[in-house]
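Any value given below was found using the heavy atoms of this structure, including those in side chains, with hydrogens, waters and symmetry copies removed. For ligands, and for the atoms within them, numbers begin at 1 and follow the listed sequence.
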Amino acid sequence: MEKINLLVLSDDLDLRIEIKNLVSDEAFAISGYSDFTPDGKTKIVNKFPEVVLCAVKGEVPESVFTFVQDLLVVARETTVILVNDNISVDLVNKAAQYGIRKVLPIYGIESAEFSENIRTVYTLEQQRVLDNNESKKVRCKALGFFGGKGGTGKTTLAIGVAASLAKSGKRVMLLDLDLQFGDVAMALDLDTKNSIVDLVQDRGGITIENINAFAVEHSSGMSVLCAPKSSEFADFVTPNHVEKIIDIMRPYYEYIIVDFPSAFNDVTITACENCEELYLIYNNEILSLNNAKICYTILDQLHQREKIRFVLNKVEKSLVKQKDFEEMFAQGIFISIPADYPTALLSINKGQAATVAQPKSSLAKGITEMADKIIETHTGITPIKEKPTKKRGFKKK
Ligand SMILES: Nc1ncnc2c1ncn2[C@@H]1O[C@H](COP(=O)(O)OP(=O)(O)O)[C@@H](O)[C@H]1O
Ligand SMILES: [Mg+2]
């Protein structure tokens, strides 16, 4: 029998051991332990456990429920089971409301029965996931490139990172969700008349065949679903369309890179909810920082805060220091990308991602580093760098 990957979530070290002793070794592989801190949440997300056993003694605090709720936003395939020593009908009902699939007792239960319960819940959950047409085999990540201000570099970084991920052998879909002013097609010099609007209006509906028909293949190997050429068509795309498109793409791609407009509306909020990570692209100046703060607050209210990764783009010596930024958000910056105007311009003029237009430039290096870091956080593996070819030449006399 295949072992189920299990993680124990508890602040109480003794309780962790009690739970470990309760689960039978044949059925489960304990992939780790975690606590109810933001770091603990990140650890869980990166470990992809199939089951999280959330163990609490006594009354379950409200914070545990909200922790689970936020966790399930980013780890949707995980089955959460609550383990408690004081089970009541109220507790079971409340747990269900927060997405917890089962409440099990700590005491008075045999290891075999405890393990059987977990396996049953997990199997039922698996069936539900399969019924939802989500493949467990492909762990697709939808990554949003977001920010409340235009011109910060969302599109530049989205196309650069997407092309870089494709170059690393990943199956990538780049989705231009800037429905009014989307410029991915232009930035990549793509020869296509088709867009997301043609897809949602097609009588065949949103199917993978139709997505393939309306998306365009880019020389990097990635697929691109473009925004409409004219902004008057933007309203044809609804939040339901966006959710369905991302859902249907998932089994076929390892990464869906979503280029966002600088706006919160029904479509973008739904897209945020359907992304696992949101890269907030900001520049190193005070107006941009203020904008980052507003976005952060809104995404927090929408229960999306855990997904935020700050990316500081166009970095030069400036007024806003990285330390100030980190103090403001109690969260580090995922990566800083240097300002490199000649490469940015060349990239636009050539209709190529910066990584292709000028691979040795500081902008290309920053983007490649970002793509590598993304792969590393998901897989724990740093992509192998191509060795620089040795220059052959004559020795100077
Ligand atoms: N790191 C960078 N250094 C210099 N210029 C950049 C950098 N990143 C983006 N740009 C330039 O900034 C402008 C806006 O970028 P864009 O990606 O279109 O922003 P957004 O999609 O956020 O509106 C473009 O002219 C682009 O070439
Ligand atoms: Mg843009």
Side-chain angles (χ1 to χ4, degrees), residues 143-164 174-190 195-196 218 224-231 234 237 242 256-265 267-268 271-272 275 278-285 287-292 294-296 299 308-318 320 322 325 333-371 373:
L143 314 181
F145 283 62
F146 196 75
K149 225 170 173 311
T152 56
K154 294 180 287 299
T155 302
T156 305
L157 300 188
I159 63 176
V161 167
S164 208
L174 174 57
L175 176 59
D176 190 350
L177 259 201
D178 191 347
L179 299 173
Q180 284 194 307
F181 303 109
D183 45 13
V184 167
M186 203 165 82
L188 287 174
D189 195 22
L190 295 173
S195 77
I196 186 169
H218 180 253
V224 187
L225 187 55
C226 299
K229 284 226 160 71
S230 176
S231 59
V237 181
V242 171
I256 300 170
I257 305 295
V258 186
D259 186 20
F260 276 78
S262 314
F264 278 109
N265 55 41
V267 168
T268 52
C272 283
C275 284
L278 295 170
Y279 291 84
L280 289 200
I281 319 296
Y282 287 93
N283 301 148
N284 223 357
E285 43 92 4
L287 291 181
S288 195
L289 183 70
N290 189 43
N291 200 274
I294 296 169
C295 274
Y296 187 82
L299 287 170
I308 298 174
R309 312 279 184 273
F310 285 108
V311 176
L312 217 45
N313 187 28
K314 305 189 192 180
V315 174
E316 289 179 294
K317 282 181 208 136
S318 97
V320 181
Q322 183 152 328
F325 191 96
I333 290 167
F334 182 77
I335 200 160
S336 300
I337 311 271
D340 178 355
Y341 297 99
T343 306
L345 188 63
L346 186 76
S347 156
I348 292 168
N349 288 342
K350 283 186 153 183
Q352 292 173 339
T355 46
V356 179
Q358 195 70 274
K360 290 192 175 138
S361 63
S362 56
L363 179 54
K365 281 182 187 153
I367 290 172
T368 309
E369 195 190 329
M370 180 170 172
K373 200 167 171 191

* Asked: Do Phe146 and Phe264 come close enough that some side-chain heavy atom pair is under 4.5 Å?
  -> yes
* To do: Taking side-chain contact (heavy atoms from CB on, under 4.5 Å) as the test, write out the residues that go with Ala234, two or more places apart.
  => Leu179, Gln180
* Distance flag, aromatic centroids of Phe334 and Phe310, threshold under 6.0 Å -> no
* **Sub-4.5 Å side-chain heavy-atom contact between Cys295 and Asn291** => yes
* Checking Asn313 side chain against Thr152 main chain: does a donor-acceptor pair fall under 3.5 Å? -> yes
* Give every protein N, O or S atom lying under 2.8 Å from the Mg ion (ligand 2), naming each by residue and atom. => Thr155 OG1
* To do: May I ask you to decide if Gln352's main-chain N or O and Ser347's side chain share a donor-acceptor pair within less than 3.5 Å?
  => yes
* Has the side chain of Lys154 got a donor or acceptor atom that lies under 3.5 Å from a matching backbone atom of Lys149? -> yes
* Kindly tell me which protein residues have any non-hydrogen atom under 4.0 angstrom away from an atom of ligand 1, grouped by chain and ordered by number? => Gly150, Gly151, Thr152, Gly153, Lys154, Thr155, Thr156, Asn313, Lys314, Pro338, Ala339, Asp340, Tyr341, Ala344, Ile348, Leu363
Using a 3.5 Å cut-off and no angle test, enumerate the donor-acceptor pairs between side-chain atoms of residues 356-366 and protein atoms at least two apart in sequence or in another chain.
residue	atom	partner	partner atom	Å
Ser361	OG	Gln358	O	2.7
Ser361	OG	Ala364	N	3.1
Ser362	OG	Asp340	OD2	3.2
Lys365	NZ	Lys360	O	3.4

* To do: Check whether any side-chain heavy atom of Leu225 sits under 4.5 Å from a side-chain heavy atom of Ser195, and report yes or no.
  => no
